[in-house]
Amino acid sequence: MTSILTSLFVSFFILFSVQAEEPIYLTIGEDAYAKMSTIFGERLVAHEKSLDTVLVSIDEAAIPWLSMQMHKEFKRCGGFFWHEDENEAYATLENLESILQSQKALYVEYEINKQSQVIESMALIEGTQISSTIEELSAFHNRYYTSASGAEATEFIAQKWRNLVAHRSDASVELFRHGGWPQASVILTIQGVSDEIIIVGGHADSTAGFMGQARSRAPGADDNASGIATMTEVIRVLMGQNYRPQKTLKFMAYAAEEVGLRGSQEIAQLYQREGRQVIGVLQLDMTNFPGPSFDIVLISDFTNAEQNAFIGSLVDQYLPELSWGYDRCGYACSDHASWTRSGFPASIPFEATNRERNPHIHTARDTLDRLSADSSHAAKFARLAVAYVIEMD
Ligand code: BES
Ligand code: ZN
């Protein structure tokens, strides 16, 4: 009886309380919208739907009631996002759509049918080549995005990649300059017949300590000379095989990851604005410190689930001796998240589970002698990346 009375009272209040002038814009789950519209009636206005989220507006007086009902019906605290104004609400919804899409949608039909080419190329990967690139990169005092050595390090990578593609007229290496800091990103393009783009990337910068990072010693051998060295080995092998891609391949060494994914974000946003057809992004960040649980760990958040499953099947097919599993970062932990946010499918095969990863990163102890001997761990990722590139192509 009391509950009926309370409900009547609540309904009465919800329907007849004074309407505020400016409506409040919220995004709320489709399930919640269905339920709340039966309670709030015309006070709750739906403007647009994106995947399983609805952009609604409601008068401000209803907010505490909405909050209460959401908690009662869905056990969600809040359960809706509050937006600054109409424009910001639409912008978020649009971005939300691309974020959700880039994590769930199927962008290409994944197939495994280039066995002989993959197996032949994979066999040419050499861990010792990876070690020597890690050594070269960790010799820079640091690769911080604002330091002179940070800028020199990415010029060094550009030169190294230019040497690897010097004989190829379909390949070019560009320094992608960023407005706000001296360290450039590096982009190697191998132009295919098609404009569809496959990207293998990793960050070139390093950091250590909490203050004065521009002057601290930051070898960043695992984080992330290992990823750049792994990519460099992939480039060396593909060029040695005189590999001619159908699709366009891009290898990217990003500036300024350690300060909030800034380099990759600028590039991904530019590609999104230009409407580039990026069909797959593989991020290599930390590949050379093996953990006890799995050889290869696929990070499941801020990545594309379909592409992750495909990468798992590449391991099963081509590297059956290796174990692989999933783990989460719990936040946008590396450059793959920049691509995901811009609406592109991205994955990151990682060296270990999050708990078992290299504990020395972001210190002067992130050095090659603490990584896998002869970079045999990183070599697994180089083989996987070779399989990824050839099968995606
Ligand atoms: N390589 C690290 C972290 C990482 C952890 C990558 C797990 C992949 C899986 C990366 O360079 C890093 O330090 N990221 C920062 C966040 C970034 C936005 C500054 C971190 O994890 O704190
Ligand atoms: Zn880092």
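In listed order, ligands and their atoms are each counted from 1.
For ligand 1, the atoms closer than 4.0 angstrom to any heavy atom of D285 are 1 (N), 2 (C), 6 (C), 10 (C), 11 (O). The distance from ligand 1 to the heavy atoms of M286 drops below 4.0 Å at these ligand atoms: 1 (N), 2 (C). Of all atoms in ligand 1, numbered sequentially from 1 with element shown, those under 4.0 Å from a heavy atom of I348 are 8 (C). The distance from ligand 1 to the heavy atoms of Y331 drops below 4.0 Å at these ligand atoms: 20 (C), 21 (O), 22 (O). Listed by number with element, the atoms of ligand 1 under 4.0 Å from a non-hydrogen atom of H203 are 11 (O). The distance from ligand 1 to the heavy atoms of C329 drops below 4.0 Å at these ligand atoms: 7 (C), 9 (C).
The single protein non-hydrogen atom nearest to atom 8 (C) of ligand 1 is F350 CE1, 3.4 Å, given as residue, atom name and distance. Here the heavy atom of the protein found nearest to atom 14 (N) of ligand 1 is C333 O, 3.0 Å. Of the protein's non-hydrogen atoms, the one nearest atom 11 (O) of ligand 1 is E257 OE1, 2.8 Å.
Heavy atoms from other residues, nucleotides or ligands lying under 6.0 Å from CD of E321 number more than 12.
Among E258, E351, R328, the residue whose heavy atom lies closest to atom 12 (C) of ligand 1 is E258.
Taking 2.8 Å as the criterion, H362 counts as a coordinating residue of the Zn ion (ligand 2), since one of its N, O or S atoms falls below it. When distances to the Zn ion (ligand 2) are checked against a cut-off of 2.8 Å, E257 contributes no N, O or S atom below that limit. Metal site remark for the Zn ion (ligand 2): D285 contributes no N, O or S atom at a distance under 2.8 Å.
With hydrogens and angles ignored, the 3.5 Å screen pairs a side-chain donor or acceptor of Q272 with a backbone N or O of S342. D327 contributes no side-chain N or O that, together with a main-chain N or O of L298, makes up a donor-acceptor pair within less than 3.5 Å. With Q101 contributing its side chain and G343 its backbone, the two residues share no donor-acceptor pair below 3.5 Å.
Any N or O atom pair closer than 3.5 Å counts here, and S334 shares no such pair with ligand 1. By the 3.5 Å distance cut-off applied to N or O atoms, R357 is not counted among the residues near ligand 1. Where the criterion is an N or O separation shorter than 3.5 Å, residue side chain and backbone included, N354 fails it with respect to ligand 1. In terms of polar-atom proximity, A332 is not counted as a contact of ligand 1, lacking any N or O under 3.5 Å from an N or O of the ligand.
The pair R262-E257 does not count as a salt bridge, with every side-chain nitrogen at least 4.0 angstrom from each carboxylate oxygen. A salt bridge links K160 to E136: one of the charged nitrogens lies within less than 4.0 Å of a carboxylate oxygen. Between K247 and D393 no salt bridge is recorded (no basic side-chain N to carboxylate O distance below 4.0 Å).
When side chains are defined from C-beta on, K104 does not count as touching N304, because their heavy atoms never get closer than 4.5 Å. You'll find the side chain of Q317 reaches within 4.5 Å of the side chain of Q115, heavy atoms only. Within the 4.5 Å cutoff, no side-chain heavy atoms of R383 are placed close to those of Y388.
Residues I28 and M68 share a hydrophobic cluster, clusters being chains of Ile/Leu/Val/Met/Phe/Trp/Tyr side chains in contact below 4.5 Å.
For Y331 and F302, the gap between ring centers reaches or exceeds 6.0 Å.
The closest approach between a heavy atom of L261 and any atom of ligand 1 is below 4.0 Å. At a 4.0 Å cut-off, at least one heavy atom of H362 sits close enough to ligand 1 to count as contact.
To the nearest 10 degrees, the Zn ion (ligand 2) sees OE1 of E258 and OD2 of D223 at an angle of 150°.
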